[in-house]
Number of protein chains: 2
Amino acid sequence: MDHVDGILKQWNRERPDLDVGPMGLIGRISRIYGYLMREMSETFAKHGLNRASFDVLATLRRSGPPYALSPGDLLAATMVTSGTMTNRIDQLEKAGLVARAHNPDDRRSMRISLTQKGREVIDAAVTDHVATQARLTAMLSEEERKALDGMLGRYLSRIEGEG
Amino acid sequence: MDHVDGILKQWNRERPDLDVGPMGLIGRISRIYGYLMREMSETFAKHGLNRASFDVLATLRRSGPPYALSPGDLLAATMVTSGTMTNRIDQLEKAGLVARAHNPDDRRSMRISLTQKGREVIDAAVTDHVATQARLTAMLSEEERKALDGMLGRYLSRIEGEG
DNA sequence: GCCATTTGTCTTGACGTCAAGATAATATTT
DNA sequence: AAATATTATCTTGACGTCAAGACAAATGGC
């Protein structure tokens, strides 16, 4: 019994014509997402970051040396619009965590790279972040987590497959 | 193989010290959530709504006759702050979809009720919304959907249980 | 080589959200 | 009954996001 069960019962009473099976699944995903994000945001804040800045720094960090990507690359990794990415990079540049440089091969393109400070911040933040995520999934047994993860992976790959 | 697998591989190469199991699960939930919301937003837009206004109207609708709740009740149902709820109600009032009235028993409190137009809009929108949700889960078999839903329900109830 | 198209990034203006605090009415304490 | 605490809602200012479009550089067809 969770919060979503109550919602489905209300709909069943008010609109018995509707099949609320999919609504239950999607409602649970939304609700879980909300809780997870709220908790993870606190970890980001401890490092002076928010989800937006964390995502950009983390994308640069995990891309490996030399920790540099174009705005377009970052865009492809993060499900946001180009204007949003420009703004994110602006903020990170102001904070001294990334540097902007022109791409010598293509003057339209930029090269966003982690600064030394950016590298330090994201490495510490990721370590903390992983610990937070471990805590947020600790109420699942290893077995449960893997089973759930497997099903979500199949679902996600089918969603992405449709494009 | 989905988008998240690629991310985990990068982290494994760059930060082999980290246990990325939880990150995979949470990453998949986030990614799926993003896709689902993007699609559902289009359905809301067809009815002149967004997720915010849809949620408020739907909460009023499924509460049953007389389709009226206080801002505090709506707040408890929607994971947003009080200022956000004030703004949402303002917009819906301007659009003529809800009406504000004072609660005669408690002058601090308001009574937000669906107008006739609001009732019509949300009934049509919900019907459409459920169809969209059915489409968004159609790549899962009935068996898969129920299994996934069950695991998510257990996870959610444990998260909510912690408060 | 020239023109149209595409690509990569940035700009603008509007919107939804939040955190913090203001305001007013009701409950509680003394 | 007065003083204090609590509750319910709203206000303010800042921020992150988006959609639409601007702009410059690179590409492709002729």
Side-chain angles (χ1 to χ4, degrees), chain A residues 30 33-35 37-42 44-46 48-57 59-60 68-95 97-113, chain B residues 30 33-35 37-42 44-46 48-57 59-60 68-95 97-113:
Chain A
S30 300
Y33 175 82
Y35 283 112
M37 274 312 302
R38 189 190 291 171
E39 295 291 320
M40 295 191 300
S41 294
E42 288 182 21
F44 300 150
K46 277 183 201 162
L49 303 173
N50 57 21
R51 196 213 171 169
S53 47
F54 178 89
D55 274 356
V56 173
L57 295 181
T59 303
L60 289 169
L69 295 170
S70 70
D73 293 335
L74 291 168
L75 213 50
T78 51
M79 287 183 99
V80 297
T81 61
S82 64
T84 297
M85 188 52 69
T86 297
N87 184 49
R88 287 183 176 189
I89 296 167
D90 285 348
Q91 303 311 314
L92 288 168
E93 193 179 23
K94 269 185 208 159
L97 302 177
V98 305
R100 260 194 182 96
H102 282 284
N103 176 346
D105 298 335
D106 184 341
R107 289 185 170 242
R108 291 170 303 180
S109 187
M110 304 291 289
R111 200 183 114 103
I112 313 301
S113 58
Chain B
S30 299
Y33 175 82
Y35 283 112
M37 274 313 301
R38 190 190 290 172
E39 293 291 319
M40 295 191 300
S41 294
E42 290 182 20
F44 300 150
K46 278 184 199 161
L49 303 172
N50 56 22
R51 196 212 171 168
S53 46
F54 178 90
D55 274 356
V56 173
L57 295 181
T59 303
L60 288 169
L69 295 170
S70 71
D73 294 334
L74 291 168
L75 212 50
T78 51
M79 287 183 98
V80 297
T81 62
S82 63
T84 297
M85 187 52 69
T86 297
N87 185 49
R88 287 184 176 189
I89 296 168
D90 284 348
Q91 303 310 314
L92 287 168
E93 193 179 23
K94 268 186 208 159
L97 301 178
V98 306
R100 260 193 181 96
H102 281 284
N103 176 346
D105 298 334
D106 184 342
R107 288 185 173 245
R108 291 169 303 180
S109 186
M110 304 292 288
R111 200 182 113 103
I112 314 301
S113 59

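Sequence lines set the chain letters: A, B, ... in the order given, protein chains first and strands last, and positions in each chain run from 1. When reading the values below, keep in mind they use all heavy atoms of this one structure, side chains included, and skip hydrogens, waters and symmetry mates. Here the structure is a predicted model, which means the values were calculated and not measured.
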Self-check item: Which residues share a salt bridge (charged side-chain N to carboxylate O under 4.0 Å, His left out) with A:Asp73, sequence neighbours left out
Solution: none
Practice problem: Ignoring hydrogens and angles, tell me if any N or O in the side chain of B:Ser41 forms a donor-acceptor pair with the backbone of B:Met37 under 3.5 Å. | Solution: yes
Quiz item: Does A:Asp55 pair with A:Arg51 as a salt bridge, N-O distance under 4.0 Å?
Solution: yes
Exercise. May I ask you to say what A:Arg88 touches in the nucleic acid, namely base, sugar-phosphate or nothing, with a heavy-atom cut-off under 4.0 Å?
Key: sugar-phosphate
Output a table of nitrogen or oxygen pairs between the protein and nucleotides 3-8 of chain C separated by less than 3.5 Å.
{"unit_1": "C:dT7", "atom_1": "O2", "unit_2": "A:Arg108", "atom_2": "NH1", "d": "2.7"}

Quiz item: Touch check for B:Arg100, heavy atoms < 4.0 angstrom, all strands: base, sugar-phosphate only, or nothing?
Solution: sugar-phosphate
Self-check item: A:Ser109 side chain vs A:Asp106 backbone, donor-acceptor pair below 3.5 Å
Solution: no
Exercise. Write down the atom of A:Phe44, the atom of A:Asn50, and the distance for their closest heavy-atom approach.
Key: CD1-C, 3.8 Å
Quiz item: What do you reckon, is CZ of B:Arg100 surrounded by more than 12 foreign heavy atoms closer than 6.0 Å?
Solution: yes
Quiz prompt | Nucleotide range of DNA chain D lying under 4.0 Å from chain A heavy atoms | solution = D:dG16 to D:dA26
Quiz item: Between A:Arg108 and A:Asn103, does a side chain to side chain contact (heavy atoms under 4.5 Å, CB included) hold up when you go through it step by step?
Solution: CA-CA 8 Å; A:Arg108 291 170 303 180; A:Asn103 176 346; over 6 Å; no
Quiz item: Once you round it to whole Å, what is the distance between P of C:dA24 and NE2 of B:His102?
Solution: 13 Å
Quiz item: Reckon A:Asn50 touches a base, only the sugar-phosphate, or nothing at all at heavy-atom distances under 4.0 Å?
Solution: sugar-phosphate
Exercise. Just do the side chain to side chain contact (heavy atoms under 4.5 Å, CB included) check on B:Ile112 and B:Leu92 with the steps written out, would you?
Key: CA-CA 10 Å; B:Ile112 314 301; B:Leu92 287 168; over 6 Å; no
Practice problem: Not counting sequence neighbours, which residues clear ring-ring contact (aromatic ring centres under 6.0 Å, His included) with B:Tyr33? List them please. | Solution: A:Tyr33
Self-check item: Which residues share a side-chain hydrogen bond (donor to acceptor under 3.5 Å, both in side chains) with B:Thr84, sequence neighbours left out
Solution: B:Thr81
Self-check item: DNA chain C-proximal residues of residues 74-87 of chain B, any heavy atom under 4.0 Å
Solution: B:Met79, B:Val80, B:Thr81, B:Thr84, B:Asn87
